[in-house]
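Some notes on the structure that comes next.
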Amino acid sequence: MTLSPDLIRKSVAEAHTRCAAISGGTNASYIPYLASVPSNLFGLAVVTVDGQVYESGDARYRFAIESISKVFTLALVTELIGPEAVREKVGADPTGLPFNSVMALELHGGKPLSPLVNAGAIATASLVPGDTADACWAKILDAQSRFAGHAIELSNEVNTSEQTTNFHNRAIAWLLYSAGTCYSDPMRAVDVYTRQCSTLITAVDLATMGATLASGGINPTTKQRVIAAKNVPHILAEMTMEGLYTASGDWAYTVGLPGKSGVGGGILAVAPGHLAIAAFSPPLDSAGNSVRGQQAAGHVAAALGLNLYGVPGS
Ligand code: DON
């Protein structure tokens, strides 16, 4: 299937116009920085596997990556230790519970199940090799940058806001540690995890990061291989199962693409072999997913006939 540039351009413009009118949801408030981001910002971008960029609205506004970072640390760790070790040490199943659930951990003997919930993401961060937090962090920042195709930066403002309020995540890290599923010093793992959530990206960056997965691991802008093609399906499967937390099933049912959201208001959808769609709009629903972002990404996917479960030609 070839998607014409005109069709993609039209779908992006239409999705932005239609979804700009959607209200509802509220900014995340448990991280002070996120509460202060203007709620009316709304950006949408598509990047194709051959590097074409389509955008609308605030697609160049830099926002906090938050939980979407979990995908790229997972990709890094999968490259380093292999998909089977990730499955054994972290897991590959949805939890059915909120992204920061302690109960999910307790129910499963301390195994996080998914690298895309906070517990699993902290466990994944603890698997990044390095003698110090700074050494681990350098590898994660480098991975985010290679996916985006340029140097991604930590926001000191976001990081400080998170590091001074992340008590719940610290509790999760100690629970992991006591169950044997935190593979470094737990406070170091939370420190590194918190930094990875505190980088700034645009919707265009995010769509490029997703298009790197859509292309089987090659960044469409730099043409550099970022992750082995054989590892990509594991990442996309994790996104399908837990990318939108307790709404992951609804998202698969209605949109049919691997996705990932963040409490900063970003959302990513990946159409393997074709493109990635990224949206940014801060107000979230009760599951922690961008209200407008889900609608906009879903609109583009439907307009382009991109549904992983669709039968070609039907
Ligand atoms: O750990 C946290 O709570 C945040 N730094 C990230 C959470 C997040 O983005 C969940 N996503 N919807």
_Euclidean distance, Ile81 CD1 relative to Leu76 CG, rounded to 0.5 Å_ = 10.0 Å
*So, does Thr199 use its side chain to make a donor-acceptor pair with the main chain of Arg195 at under 3.5 Å?*
no
*Given Leu34 and Glu66, is the side-chain contact (heavy atoms from CB on, under 4.5 Å) satisfied, shown in steps?*
CA-CA 10 Å; Leu34 299 180; Glu66 296 299 342; 3.7 Å; yes
*Give a yes-or-no answer on whether the side chains of Tyr33 and Ser198 include a donor-acceptor pair shorter than 3.5 Å.*
no
_Pairing residues for Ser155 by the side chain to side chain contact (heavy atoms under 4.5 Å, CB included) criterion, not counting sequence neighbours_ = Glu157, Val158, Leu200
*Over all heavy atoms of both residues, which pair between Ala203 and Ala278 is shortest? Give the atoms and the distance, please.*
O-CB, 3.3 Å
*Would Val37 and Leu206 show up in the same hydrophobic cluster when neighbours are defined by side-chain heavy atoms closer than 4.5 Å?*
yes
*Using distance alone, with no hydrogens and no angle criterion, decide if Asp6 and Ser4 have a side-chain donor and acceptor under 3.5 Å apart.*
no
*Do you know the tightest heavy-atom contact between Pro272 and Leu236?*
CG-CD1, 3.8 Å
_Quick check: closest heavy atoms across Ile22 and Val291, and the distance to 0.1 Å?_
CG2-CG1, 3.9 Å
_All side chain to side chain donor-acceptor pair (under 3.5 Å) counterparts of Asn40, not counting sequence neighbours_ = none
*asked:* Quiz question: by atom type and distance under 3.5 Å, do the side chains of Asp285 and Gln294 form a donor-acceptor pair?
replied: yes
_How long is the straight-line distance from OG of Ser101 back to CD1 of Ile172, given to the nearest 0.5 Å?_
7.5 Å
*What do the steps show when you test Asn118 against Tyr193 for side-chain contact (heavy atoms from CB on, under 4.5 Å), and what is the final call?*
CA-CA 9 Å; Asn118 287 15; Tyr193 162 77; 3.2 Å; yes
*Test Asp50 against Thr48 for side chain to side chain donor-acceptor pair (under 3.5 Å), laying out the working first.*
CA-CA 5 Å; Asp50 55 5; Thr48 64; 2.4 Å; yes
*Asn159 and Gln163: side-chain donor and acceptor closer than 3.5 Å?*
yes
*Determine the interplanar angle of the Tyr61 and Phe280 rings, folded into 0 to 90°, and report it as parallel if under 30°, tilted if 30 to 60°, perpendicular if over 60°.*
parallel
Taking distance alone, no hydrogens or angles, what donor-acceptor pairs closer than 3.5 Å link side-chain atoms of residues 227-235 to residues at least two apart or in another chain?
| from | atom 1 | to | atom 2 | distance (Å) |
| --- | --- | --- | --- | --- |
| Asn231 | ND2 | Glu79 | OE2 | 2.6 |

*Without swapping roles, check the side chain of Glu242 against the backbone of Thr95 for a donor-acceptor pair under 3.5 Å.*
yes
*Of the non-hydrogen atoms in Ala173 and Cys182, which two are nearest, and what is the gap between them?*
O-CB, 4.2 Å
*asked:* Check the orientation of Phe42 and His16. Use parallel for under 30°, tilted for 30 to 60°, and perpendicular for over 60°.
replied: parallel
*Identify the two heavy atoms, one from Ala189 and one from Ser126, that lie closest to each other, and give their separation to 0.1 Å.*
CB-CB, 3.8 Å
*Going through the checks in order, is the side-chain contact (heavy atoms from CB on, under 4.5 Å) test met by Leu213 and Met239?*
CA-CA 11 Å; Leu213 292 170; Met239 290 169 71; 4.2 Å; yes
_Approximate separation, where rounding is to 0.5 Å, of Arg225 CZ and Asn219 CG_ = 11.5 Å
*May I have the step-by-step check of side-chain contact (heavy atoms from CB on, under 4.5 Å) for Leu44 and Ile277, ending in yes or no?*
CA-CA 8 Å; Leu44 184 59; Ile277 308 160; 4.1 Å; yes
*Distance (rounded to the nearest 0.5 Å) between Thr208 OG1 and Phe147 CZ*: 12.0 Å
_Using the rule that Ile, Leu, Val, Met, Phe, Trp and Tyr join whenever any side-chain heavy atoms are under 4.5 Å apart, tell me whether Ile31 and Tyr245 fall into a single cluster._
yes
_Which atom of Leu275 lies closest to which atom of Ile8, heavy atoms considered_ = CD2-CD1, 4.2 Å
*asked:* Just verifying a value: how many Å separate Ile122 CD1 and Leu176 CG, rounded to the nearest 0.5 Å?
replied: 6.5 Å
*Carboxylate-amine/guanidinium proximity below 4.0 Å for Glu238 and Lys70*: no
_Would the distance check show the side chain of Gln144 and the main-chain N or O of Ser69 forming a donor-acceptor pair, the cut-off being under 3.5 Å?_
no
